[in-house]
J.: 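My structure is below; once you've seen it, I'll send some questions.
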Amino acid sequence: MSNETQSLARQRIDTLLDENSFVEIGARVIAKSTNFKLSKKSMYSDGIITGYGVVNNSLVYVYSQDVSILNGTIGEMHAKKIVNLYKLAMKMGAPVIGLIDCAGLRLEEAMDSLNSFGEIYMVQVDASGVIPQITGIFGICGGGMALIPALTDFTFMEEKNAKLFVNSPNALEGNIDFKCDTASAAFQSEEAGLIDWKGSEREIIGKMRHLLSLLPSNNTDDIYEECKDDLNRKCPNLKNCMADPALFLARISDNQLYMEAKATYGKDMVTAFIKLNGITVGAVANRTVFYDTDGNVGETYEPVISPRGAKKAAKFIMFCDAFSIPIITFTNLRGYQATKCSETHMAKAAAKLIYAFASATVPKVNVITGEAFGSAYLIMNSKSVGADLVYAWKNAKIGMMDAKEAAKIMYAGADGVVIKEKTVEYDALKNNVESAAEKGYVDTVIEAEDSRKYIIGALEMLYTKKDYRSEKKHGTV
């Protein structure tokens with residue numbers, strides 16, 4: 001047993017927490033089972049370090065699996081330490097961070113080990129929506145272990161050596177891991193959408209600390225810091241970066257603070273945390289262009305909602321609502337993604353997005369930045385599904401559909417001159433932002449550069465919002 005390996009679990013904790021703040025709990029716990037000479041293999045801590053400390057002076061609870069002891073496998077006492085940590089965290093109203101590096105179930109303990117997995121799942125479900133749950137994957141996270149990060153709110157993954165899978169890549173019929181490594185950080189972030197951030201071990205621990213600074217400690221906590229940015233600051237040229245919300249969200253945020261979740265999954269939809277007047281805000285926006293770090297166009301997307309984008313946004317909205325984080329949307333789309341593949345998932349994914357917006361009771365503000373057509377526009381936090389305030393930039397277009405397409409349908413068979421004339425007429429009468437404002441679908445038409453001050457003003461007004469709903473156990477969408 002190398003000292004370097006043995007210290008890795010503790011080293012990760014020390015890197016995550018503020019210096020000298022960690023207090024260990026259950027350090028001398030050992031496995032109860034003695035079958036298959038397990039007692040001779042057992043070491044104190046039973047393959048996991050648990051305890052509490054502070055991140056940016058805020059209390060957190062953390063567990064870190066130690067692969068140097070029984071390969072970090074989960075046995076009865078190992079699981080009990082995690083469960084007890086969760087119960088303590090819920091009593092105190094503080095986040096739980098799990099640092100995973102585990103060979104899976106402990107075979108020597110068989111059913112006791114299997115039952116322990118269920119106990120972890122149960123306490124995670126109890127904690128969901130009560131305290132933030134964050135997972136970092138640094139080694140193996142396979143089989144039933146893969147459900148643990150899936151039950152948490154945000155997941156980080158080391159991009160070179162970590163593996164996340166329910167079924168090993170080589171166990172998938174017709175698949176070979178060197179051709180398609182379904183356990184890799186790249187696949188799990190870009191295709192599965194389970195990973196929010198990937199990077200080196202030090203990078204993702206740094207991002208964990210940053211995320212924790214943005215989140216409340218529990219579902220009754222407020223997170224606020226003094227705003228040192230100008231509340232009435234204009235944001236010039238905001239319209240020029242409308243296509244990529246990552247650019248304009250950073251510009252309107254206090255001191256350009258911006259943290260995007262699931263950035264490589266469903267990239268046509270942006271979900272990110274920003275700060276406005278010292279308050280953490282969840283932002284959801286449609287994207288048509290992705291710019292790389294050099295400012296060049298990296299990828300382009302149709303102005304539509306995709307199933308991946310809808311699912312990603314719905315999960316983010318549900319988290320924000322659970323922890324009383326206001327939601328701001330920036331709408332710019334014409335419809336739904338139209339492919340054979342997307343059609344198999346589109347209706348259900350769109351319904352989940354509607355449900356997330358409509359059921360959220362936090363302050364909700366929508367800013368229409370470009371086009372907003374059809375039912376796709378409705379599900380992006382429109383007035384009809386519960387937005388408290390809707391703003392629109394001056395040149396925005398809001399309506400049933402694109403004017404030219406509408407003219408072609410209404411005047412089928414007409415020549416090009418008639419279609420062009422009716423397109424202009426329809427655009428002026430039905431898709432004009434002023435027309436939408438006259439009917440009350442838009443509260444205020446604003447200049448793009450004034451977006452920051454209008455949103456801050458809306459959130460100040462909505463700060464004490466109470467939204468009472470019909471009594472029921474829960475919805476079924």
Side-chain angles (χ1 to χ4, degrees), residues 3-29 44-69 72 78-102 120 123-124 127 130-139 141 148-149 152-159 161-162 195-218 221 223-225 257 259 261 273 280 323:
N3 289 331
E4 182 180 356
T5 303
Q6 186 177 11
S7 65
L8 199 53
R10 177 58 189 265
Q11 181 182 321
R12 288 167 181 154
I13 291 175
D14 290 340
T15 305
L16 173 67
L17 301 182
D18 294 354
E19 189 174 2
N20 297 322
S21 70
F22 180 62
V23 178
E24 188 171 358
I25 301 171
R28 300 182 70 83
V29 168
Y44 284 120
S45 81
D46 200 35
I48 188 167
I49 301 171
T50 59
Y52 61 93
V54 295
V55 173
N56 302 314
N57 297 316
S58 294
L59 176 66
V60 299
Y61 291 82
V62 60
Y63 67 85
S64 182
Q65 293 175 314
D66 191 343
V67 293
S68 71
I69 299 175
H78 182 120
K80 191 177 291 293
K81 289 177 69 174
I82 295 176
V83 171
N84 288 340
L85 190 78
Y86 261 94
K87 289 180 178 179
L88 186 56
M90 283 191 280
K91 289 178 184 177
M92 297 306 299
V96 172
I97 302 100
L99 309 179
I100 293 178
D101 192 351
C102 171
I120 296 174
V123 78
Q124 283 189 279
V130 179
I131 55 173
Q133 301 178 62
I134 298 171
T135 305
I137 302 171
F138 298 92
C141 181
I148 289 177
T152 59
D153 300 307
F154 298 101
T155 303
F156 298 75
M157 189 170 176
E158 195 278 329
E159 62 184 347
N161 301 312
I195 302 304
D196 292 278
W197 293 276
K198 65 182 190 295
S200 68
E201 188 161 316
R202 184 162 289 274
E203 284 173 344
I204 63 176
I205 289 177
K207 287 180 179 178
M208 281 185 190
R209 287 181 57 87
H210 183 41
L211 176 63
L212 285 163
S213 72
L214 298 175
L215 302 181
S217 293
N218 56 68
D221 188 28
I223 182 159
Y224 172 79
E225 61 185 35
L257 187 149
M259 188 171 191
F273 292 114
T280 297
F323 290 93

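Computation of the quantities below employed the complete heavy-atom set of this structure, encompassing side-chain atoms and omitting hydrogens, waters and symmetry-equivalent molecules. Keep in mind it's a predicted model, so treat the numbers as computed, not measured.
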J.: So which heavy atom on Ser213 is nearest to which on Ile223, and how close?
T.: O-CD1, 3.1 Å
J.: Which heavy-atom pair separates Ala89 from Ile131 by the least distance, and what is that distance?
T.: CB-CD1, 3.9 Å
J.: Which atoms form the tightest heavy-atom contact between His210 and Met259, and what is the distance?
T.: CD2-SD, 3.4 Å
J.: Could you pull out the closest heavy-atom pair between Ile137 and Ile195, with the gap in Å?
T.: CD1-CD1, 4.3 Å
J.: Run Asp101 and Glu158 through side chain to side chain contact (heavy atoms under 4.5 Å, CB included) and show every step you take.
T.: CA-CA 11 Å; Asp101 192 351; Glu158 195 278 329; over 6 Å; no
J.: Should Phe138 and Leu8 count as side-chain neighbours, where that means a heavy-atom distance under 4.5 Å?
T.: no
J.: How long is the span from the CZ atom in Phe156 to the OG1 atom in Thr135, to the nearest 0.5 Å?
T.: 9.5 Å
J.: Over all heavy atoms of both residues, which pair between Trp197 and Ala261 is shortest? Give the atoms and the distance, please.
T.: CZ2-CA, 3.7 Å
J.: Donor-acceptor pairs under 3.5 angstrom involving side-chain atoms of residues 199-206: please list them, not counting sequence neighbours.
T.:
from: Ser200; atom 1: OG; to: Glu203; atom 2: N; distance (Å): 3.2
from: Ser200; atom 1: OG; to: Glu203; atom 2: OE1; distance (Å): 3.4
from: Glu201; atom 1: OE2; to: Arg12; atom 2: NE; distance (Å): 3.1
from: Glu203; atom 1: OE1; to: Ser200; atom 2: N; distance (Å): 2.9

J.: In Å and rounded to the nearest 0.5 Å, what is the OG1 to NZ distance from Thr155 to Lys198?
T.: 14.0 Å
J.: Which residues satisfy the side chain to side chain donor-acceptor pair (under 3.5 Å) test with Ser64, sequence neighbours excluded?
T.: none
J.: Could you report the tightest heavy-atom contact between Cys102 and Gln65, atom names first, then the distance?
T.: CB-OE1, 3.1 Å
J.: Taking side chain to side chain contact (heavy atoms under 4.5 Å, CB included) as the test, write out the residues that go with Asp221, two or more places apart.
T.: Pro216, Ser217, Asn218
J.: Starting at CG of Leu211, measure out to CG of Asp196 and round the result to the nearest 0.5 Å.
T.: 8.0 Å
J.: Among pairs that include at least one residue of residues 85-94, which meet salt bridge (Lys or Arg N to Asp or Glu O under 4.0 Å), considering only residues two or more places apart or in two chains?
T.: none
J.: Show me the donor-acceptor pairs, under 3.5 Å and distance only, between side chains in residues 49-63 and residues at least two apart or in other chains.
T.:
from: Thr50; atom 1: OG1; to: Ile25; atom 2: O; distance (Å): 2.7
from: Asn56; atom 1: OD1; to: Arg209; atom 2: NH2; distance (Å): 3.2
from: Asn56; atom 1: ND2; to: Arg209; atom 2: O; distance (Å): 3.3

J.: Apply the test side chain to side chain contact (heavy atoms under 4.5 Å, CB included) to residues Leu16 and Phe22: give CA-CA distance (whole Å), side-chain angles for both, the deciding distance (0.1 Å), then the verdict.
T.: CA-CA 10 Å; Leu16 173 67; Phe22 180 62; over 6 Å; no
J.: Roughly how far, to the nearest 0.5 Å, is CD1 of Ile48 from NZ of Lys80?
T.: 13.5 Å
J.: Can Val83 and Ile120 be said to form a side chain to side chain contact (heavy atoms under 4.5 Å, CB included), step by step?
T.: CA-CA 6 Å; Val83 171; Ile120 296 174; 4.2 Å; yes
J.: Does Asp14 have any salt bridge (charged side-chain N to carboxylate O under 4.0 Å, His left out) partners at least two apart in sequence or in another chain, and if so, which?
T.: Arg10
